[in-house]
4 protein chains.
Amino acid sequence: MSAQPRTARGTRTKAKLLEAAEAVFASVGYHEASIVKITEEAGVGLGTFYLYFDGKQAIFDEVVEDLNRRVRHAMTDAARNAGTRIEAERAGFRAFFRFTAQHPALYRIIRQAEFVSPGALRLHYTRIVDGYIAGLKAAQLTGEVRDMDPTVAAWALMGIGELIGMRWVLWDEEGTDPVPGARPDVPEDVFEEMMQFIERALAPTPDSTPLQEGKAP
Amino acid sequence: MSAQPRTARGTRTKAKLLEAAEAVFASVGYHEASIVKITEEAGVGLGTFYLYFDGKQAIFDEVVEDLNRRVRHAMTDAARNAGTRIEAERAGFRAFFRFTAQHPALYRIIRQAEFVSPGALRLHYTRIVDGYIAGLKAAQLTGEVRDMDPTVAAWALMGIGELIGMRWVLWDEEGTDPVPGARPDVPEDVFEEMMQFIERALAPTPDSTPLQEGKAP
Amino acid sequence: MSAQPRTARGTRTKAKLLEAAEAVFASVGYHEASIVKITEEAGVGLGTFYLYFDGKQAIFDEVVEDLNRRVRHAMTDAARNAGTRIEAERAGFRAFFRFTAQHPALYRIIRQAEFVSPGALRLHYTRIVDGYIAGLKAAQLTGEVRDMDPTVAAWALMGIGELIGMRWVLWDEEGTDPVPGARPDVPEDVFEEMMQFIERALAPTPDSTPLQEGKAP
Amino acid sequence: MSAQPRTARGTRTKAKLLEAAEAVFASVGYHEASIVKITEEAGVGLGTFYLYFDGKQAIFDEVVEDLNRRVRHAMTDAARNAGTRIEAERAGFRAFFRFTAQHPALYRIIRQAEFVSPGALRLHYTRIVDGYIAGLKAAQLTGEVRDMDPTVAAWALMGIGELIGMRWVLWDEEGTDPVPGARPDVPEDVFEEMMQFIERALAPTPDSTPLQEGKAP
DNA sequence: GATGAATGAGTGTTCATTCAT
DNA sequence: GATGAATGAACACTCATTCAT
């Protein structure tokens, strides 16, 4: 995956390019993003780009990879200290929306990938979904989550997060505004409604397994 | 939006162009789709395109509009004959997935719209969501669906359908294959799991009142 | 071989491009010749080039083809009215040198072809050589030329013409000067020496066959 | 021409670069040959190149110079032990073809020189031709070669060798194959036909001058 | 109404060369 | 002496759009 820099200076340069590429992709999209724009944003010469990347698609893949890694980190970090599974889920979604608010690039870039790099797109989704699946399976063992196919549920969760995020994080009043950081999170009441929706979908049937009496009266 | 044809011949020509554009956008994406490709696919001269459309973006908007109208028709048609609200929901999702299988263009084109025509994108989503909202509100009146913010739930449903559809309809085994029609629907067991998920999320609390006054007993 | 124009206007444009390309290739060589230079020389827009040619290499091949056709025409036309075979040979070489003087492009372009379009290079040489071979075979039948392998002799003749032409037509005093038309032909004495060389090489052995008494007393 | 190395290590480095350049020029041509390719082939750093050469053209000139020196050495060495002039000529041509077979680079590089370095091209040809001229003049003194302008004859000989070599040494069956060493020489019968052609072209007229009757005084 | 020749701004990419290390 | 990161001018090529026919 592209040439690795062999000096500290090179490492800095490559990092600058990745950061610039994320910004440019996020603000104007893949096709409008030109190498010139990226290198200007990074403050390096045009030719420098090709020292570290094979082309536009290559840096795009690395940006997707990078964003994916970061959003998953954010989610697992947030969920780490949660007591129950449900709390972990809440924390995960909160982290996801916060990340989205701070990095609108995530959505904007991922959605491009459909045609630009289908493999990267699938990898992105499946990696996040795999995290949900693992969490659901663990919660099923403790009885916090009902017996169900965790894969289908995981994709459902992913979908809920994606569209709620799109609607309440990305779509601010005016329109397309990619300024990062200034974006507000999902409103609290919406978040609560969404969690209600999810919790009921996952909750064990009251009379189902007697193993867990925590959940049901 | 664009010039309207004034003769029957012109009407046919414009229709050919729209159909061709949908096919080309779906198979190669917005940016790879050139006017030449579209007019060749339509079997008309290059210059003819500009008789009916202001440009690439204009025909794209019309294609999105058209797809949106068709998918909503498919969904409401299917739900029309359903007895209960839940049956209507099932029928709607089935129709949605069937449409997706037959017109992969829907997804592929919509996802492009993010940068190409943000307005068209929002319109597409909100129109479908509005349908969900109307259904949910009606079901709340009959007590089939619990008391909740129908808007948040509607976006959640939309998200579930979108990602389940992407995963099980669009991602066939081999990879990105845009041949329309030949695509299989969502597997039955996955569909059932998904509906379970949704039904539980929407179901009224067992002990609550059918009229539902307030949230809790 | 490239798109054919469908209108008279297009035919003119393509011809202008071919002529311009010949001039540019001849003056600066294949690699220094840019599409921009060619289209500027032709007085057409840059994009117009790609209406008629697939790329630089494609127009190069057509130019080589064209030059080859013209030099062969020039040679056969000149040789047509010759009485004896030897006179035909003289006329052919004269025509070749005259063509070279008027179209230095021939040499300069052909020599490039080694790496640019090896197929075109071979075709060029073999076509001319085939002309020599045919002439030699005919002359052998009349006894004007001795019994020998006409193919080897033909390549020898080709080589003689090529280097004599390079030395006395192309290398004028100052250096590389590609101005067409202003170039002097091979000096008469050099031409005579060369023809002496060739005639002796081809002449039948005096005592060999009695069929031809034209050559030796 | 270019900086001379001041240490033994530097001498080795420069030699490695020259050797690498010959190989790269021969296999991909002047324009496709990049400094990076040459330094990689030589196994030295990119910057090292500019320690010894002013640029691509400079190393090209040295490579041409080197090849020219070597082919002339090969020819004169071969001709040294020949008894008669004609034998010397045969030996010279044999050596030339053998060198060509072993170093296809000669042709391939020389032909590039037309535009890259016209001076180098002329120098190359005139040096070889000067060798022919000297030989012819000497042979004229002994009467082995007829009275004629040795310069014209020398260029004719050069041309014959060049095209026969191109046709039977360089053009192997399949196509352009620059692997050195594996190439077969000119076939024996072709060689004999060519020498017949040359010998007759140079042979003294039987009845001409009484000064030389037969081969030796 | 229909056509396609013509255009040129803009793209991704290459590579000879410089220079700080 | 040796290196390779950095540079930017230059290239081949694409395509949305115009307009004369």
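Each chain gets a letter, A, B and so on, in the order the sequences are listed, and its residues count up from 1. Just so it is clear, the values below take in all heavy atoms, side chains as well, and ignore hydrogens, waters and symmetry mates.
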From CG of B/L46 across to C1' of E/dA5 the rounded distance in Å is 10 Å
Would you classify A/V36 as touching base, sugar-phosphate or nothing, given that sugar-phosphate means primed atoms plus P, OP1 and OP2, and contacts are heavy atoms under 4.0 Å?
nothing
Item checked: Phosphate OP1/OP2 of F/dC13: any C/Y50 side-chain N/O under 4.0 Å -> yes
Rounded to whole Å, CG of D/L17 lies from C1' of F/dT3 at a distance of 13 Å
Checklist entry - Base, sugar-phosphate, or nothing: which does A/F49 touch, judged by heavy atoms less than 4.0 Å apart? => result nothing
On DNA chain E, more 5' by nearest nucleotide between A/Y30 and C/G47 is C/G47
Quiz item: Do C/R108 side-chain atoms and C/A26 backbone N/O form a donor-acceptor pair below 3.5 Å?
Solution: yes
Ranking A/S34 and B/G10 by the position along DNA chain E of their nearest nucleotide, the one closer to 5' is B/G10
For A/A33, report the nucleic acid contact type (base, sugar-phosphate, nothing); a contact means any heavy atom under 4.0 Å.
sugar-phosphate
Side-chain donor or acceptor of C/Y30 paired with backbone N/O of C/Q57 under 3.5 Å: yes
Using a cut-off of less than 4.0 Å, is there contact between a side-chain N or O of A/T13 and OP1 or OP2 of F/dA6?
yes
Whichever of A/L51 and C/R9 has the more 5' nearest nucleotide on DNA chain F, that residue is A/L51
To the nearest angstrom, the CZ-C1' distance between B/F53 and E/dA2 comes to 15 Å
### Message
Quick one: does any side-chain atom of B/T48 pair with a main-chain N or O of B/V44 as donor and acceptor, under 3.5 Å?
### Response
no
When rounded to whole Å, the CD1 to P distance for the pair C/I59 and F/dC13 reads 12 Å
Taken to the nearest whole Å, CD/A/E32 to P/F/dA16 is 12 Å
- Should D/E114 and D/R122 count as an ion pair when the cut-off is N to O under 4.0 Å? no
From CD of D/E40 across to P of F/dT3 the rounded distance in Å is 12 Å
Using only side-chain N and O atoms of C/T7, determine if any of them is under 4.0 Å from OP1 or OP2 of E/dA5.
-> no
- prompt: So A/E62 and A/K14, salt bridge (Lys or Arg N to Asp or Glu O under 4.0 Å) or not? Walk me through it.
  reply: CA-CA 11 Å; A/E62 287 206 33; A/K14 183 171 182 181; 3.6 Å; yes
side-chain N/O A/Y52 vs F/dA6 OP1/OP2, d < 4.0 Å: yes
Atom NE2 of C/H31 and atom C1' of F/dA10 are separated, to the nearest Å, by 14 Å
Taken to the nearest whole Å, NZ/D/K14 to P/F/dA2 is 13 Å
Taking a pair to mean Watson-Crick or G-U wobble geometry with both distances below 3.5 Å, E/dT21 pairs with F/dA2
Comparing C/K56 with A/G45, nearest DNA chain F nucleotide closer to 5' gives the residue A/G45
Item to complete: May I ask you to say what C/I35 touches in the nucleic acid, namely base, sugar-phosphate or nothing, with a heavy-atom cut-off under 4.0 Å?
Response: sugar-phosphate
(request) May I ask you to decide if D/A113's main-chain N or O and D/S117's side chain share a donor-acceptor pair within less than 3.5 Å? (result) no
